[in-house]
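Have a look at the structure below, then the notes.
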Amino acid sequence: MDARCIHAAVSGINASDNPAPGVGVAKSLRAVHDYDWKIAGFAYDAMEPGIYLDDVFDHSYMVPYPSAGHESLLDRLYYIHDQFKLDIILPTLDAELPFYMQSESELREHGIETFLPTREQYRLRAKDKLAELAEKTGLELPPQIIVSSYDELSKAAAELGYPVMIKGSIYKAYRAYSLDEAMNNFAKIIAQWGYPVIVQKVITGEEMNVIGAGDGEGGVLGLVAIKKMSVTELGKIWTGVTINHPGMIRAAREFVENTKWRGGFELECMVDGDKVWLIEINPRFPAWVYFATGVGVNLPAQVVKQALGLPVEKRQEYETGKLYIRYTEEKIVDMTVFQNMVTAGES
Amino acid sequence: MYERLAQLAINDEGFIFDPLTGQSFTVNQTGIALLGGMKRGEDELQLAARLQQTFDIEEAEARADVRDFIEHLRSLKLV
């Protein structure tokens with residue numbers, strides 16, 4: 001690695017109405033001027049907007065979906081490495097993480113770093129395992145029951161009391177006010193995501209989020225707490241504000257210290273006064289990651305520096321009351337880039 | 001007495017931001033005056049006297065208005 005130029009690859013560069021974290025991660029890296037950056041975008045579709053943001057990404061490559069198989073993806077990465085000379089890959093999508101976690105050692109042998117949670121850390125934050133994590137870290141989880149049948153669902157919902165949340169262990173959550181609704185939602189989830197399903201008591205309070213990164217040794221590379229002020233119809237943040245809720249910040253720190261979390265994460269919480277309920281832990285940066293960068297806590301850069309053994313300044317302070325405004329922008333580009341992505345698989 | 005108020009950012013135009021929750025509120029000039037008094041530790045009687053001085057109202061009405069204002073703040077978990 002050139003001491004002054006870092007070659008990074010970032011996935012999740014879809015910046016549509018359901019944006020992925022990749023563009024925000026890449027913008028965060030560009031915001032660091034101590035180093036030069038060459039940033040490659042990894043795309044699954046030639047229409048992913050990040051491909052066309054030539055002020056953010058120097059180059060983009062199509063990569064196969066994880067379902068294409070371990071060897072297929074590794075072959076593609078080694079080709080890209082030959083061309084781009086990767087120092088580090090920053091995967092930002094849930095579905096990719098198992099592959100990159102599994103391939104960490106092999107990629108490192110080829111000179112490519114990642115900075116991801118261990119398998120055990122990843123396992124512990126799974127929705128159906130959160131109770132175990134909550135117990136270890138002192139975080140509180142809303143009462144919940146894991147179910148794998150309609151009969152178990154019926155008993156669980158009756159025990160917890162309506163309304164309940166019916167949640168897939170991987171994705172999706174629905175609120176149910178009756179057994180009929182619960183069963184319909186259960187059917188939808190198992191059809192798409194399978195078992196098990198989590199039945200959780202609905203908790204009142206305000207939804208708040210914390211973004212952070214762990215250094216892999218129990219230390220916090222940075223934390224920022226926010227409240228979403230408005231969301232889109234898909235539930236994605238549109239505006240937000242930075243806050244400082246001591247209970248949530250403490251919960252995030254305890255999570256990192258107890259798990260020795262490695263890499264980026266997001267805590268989703270419900271807060272009622274001083275009471276903080278843990279709802280979900282995402283094992284990667286959220287799509288609003290640039291919000292933290294904008295208030296001075298550049299978590300993607302912190303992760304890269306930590307991974308590459310570069311000096312890290314653990315920035316903890318940020319100003320509350322800073323607004324995040326997401327907006328729609330437009331770009332007119334030549335067809336050439338699209339043609340190249342479709343025919344050659346790279347821009 | 002009203003420790004929670006110390007956490008709030010209140011500007012001269014009556015815009016209130018709560019950095020604990022991210023919530024924001026607005027109050028009129030009367031509200032600004034009452035909040036200022038509460039932050040200085042004034043009790044309900046003192047706050048009511050403040051209203052009486054500013055608006056030509058009876059003590060009972062002033063005290064009722066102060067109580068109402070404080071209950072409103074309490075419902076918003078600001079006191």
Side-chain angles (χ1 to χ4, degrees), chain A residues 203-212 223-231 235-253 266-277 279 286 288 291-292 294-297 316-326, chain B residues 1-51 54 62-79:
Chain A
I203 295 298
T204 56
E206 300 265 11
E207 185 184 335
M208 298 183 190
N209 302 62
V210 180
I211 185 177
L223 292 171
V224 175
I226 70 146
K227 178 177 159 55
K228 295 178 183 177
M229 294 171 72
S230 63
V231 296
K236 306 304 172 186
I237 184 173
W238 200 249
T239 58
V241 64
T242 51
I243 61 173
N244 181 7
H245 191 288
M248 261 201 352
I249 297 290
R250 187 168 51 246
R253 283 192 186 285
E266 178 194 18
L267 293 196
E268 296 182 15
C269 303
M270 289 295 282
V271 178
D272 185 7
D274 292 334
K275 189 82 171 174
V276 178
W277 298 98
I279 301 299
W288 52 268
F291 192 179
V295 296
V297 183
Q316 307 294 347
E317 296 80 37
Y318 60 91
E319 207 173 326
T320 57
K322 288 297 192 184
L323 284 186
Y324 171 85
I325 307 291
R326 188 174 262 164
Chain B
M1 193 185 335
Y2 302 115
E3 293 88 8
R4 186 79 168 82
L5 291 184
Q7 297 172 326
L8 305 179
I10 306 171
N11 75 2
D12 294 339
E13 279 79 47
F15 183 84
I16 303 171
F17 173 70
D18 182 1
L20 199 70
T21 64
Q23 300 267 43
S24 56
F25 313 89
T26 55
V27 291
N28 58 18
Q29 289 299 315
T30 308
I32 293 173
L34 288 177
L35 284 173
M38 291 169 76
K39 286 181 91 166
R40 284 189 296 275
E42 292 175 10
D43 61 24
E44 285 188 23
L45 277 177
Q46 290 168 310
L47 294 170
R50 183 182 289 278
L51 285 188
T54 310
R63 290 182 69 176
D65 286 347
V66 167
R67 272 197 302 274
D68 186 62
F69 183 68
I70 292 174
E71 280 310 308
H72 204 68
L73 294 177
R74 189 166 284 125
S75 73
L76 295 170
K77 298 183 181 175
L78 296 179
V79 297

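Numbers restart at 1 for each chain; the letters A, B, ... are given by sequence-line order, proteins then strands. Being a predicted model, the structure only gives us computed values, none of them experimental.
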More than 12 heavy atoms of other groups within 6.0 Å of B:Asp12 CG: no

Pairs involving residues 66-79 of chain B, ordered by first then second residue, that meet side-chain hydrogen bond (donor to acceptor under 3.5 Å, both in side chains) (sequence neighbours left out): A:Asp272-B:Lys77, B:Glu71-B:Arg74

Heavy atoms from other residues, nucleotides or ligands near CG of B:Asn28 exceed 12 (cutoff 6.0 Å): yes

Chain A contacts, top residue of B:Ala9, B:Ser24, B:Pro19 (heavy-atom pairs, under 4.5 Å): B:Pro19

Please tabulate, for the side chains in residues 36-47 of chain B, all donor-acceptor contacts under 3.5 angstrom to protein atoms that are two or more places apart in sequence or on a different chain.
{"from": "B:Arg40", "atom 1": "NH1", "to": "B:Gly36", "atom 2": "O", "distance (Å)": "3.4"}
{"from": "B:Glu42", "atom 1": "OE1", "to": "B:Arg50", "atom 2": "NE", "distance (Å)": "3.2"}
{"from": "B:Glu42", "atom 1": "OE1", "to": "B:Arg50", "atom 2": "NH2", "distance (Å)": "3.3"}
{"from": "B:Glu42", "atom 1": "OE2", "to": "B:Arg50", "atom 2": "NH2", "distance (Å)": "2.6"}
{"from": "B:Asp43", "atom 1": "OD1", "to": "B:Leu45", "atom 2": "N", "distance (Å)": "3.1"}
{"from": "B:Asp43", "atom 1": "OD1", "to": "B:Gln46", "atom 2": "N", "distance (Å)": "2.9"}
{"from": "B:Gln46", "atom 1": "OE1", "to": "B:Asp43", "atom 2": "N", "distance (Å)": "2.8"}

Separation of B:Leu20 CG from A:Met208 CE (nearest 0.5 Å): 6.5 Å

A:Ile243 to B:Thr21 - nearest heavy-atom pair and separation: CG2-C, 3.7 Å

Exercise: identify the closest heavy-atom pair between A:Thr242 and B:Phe17: O-CZ, 3.6 Å

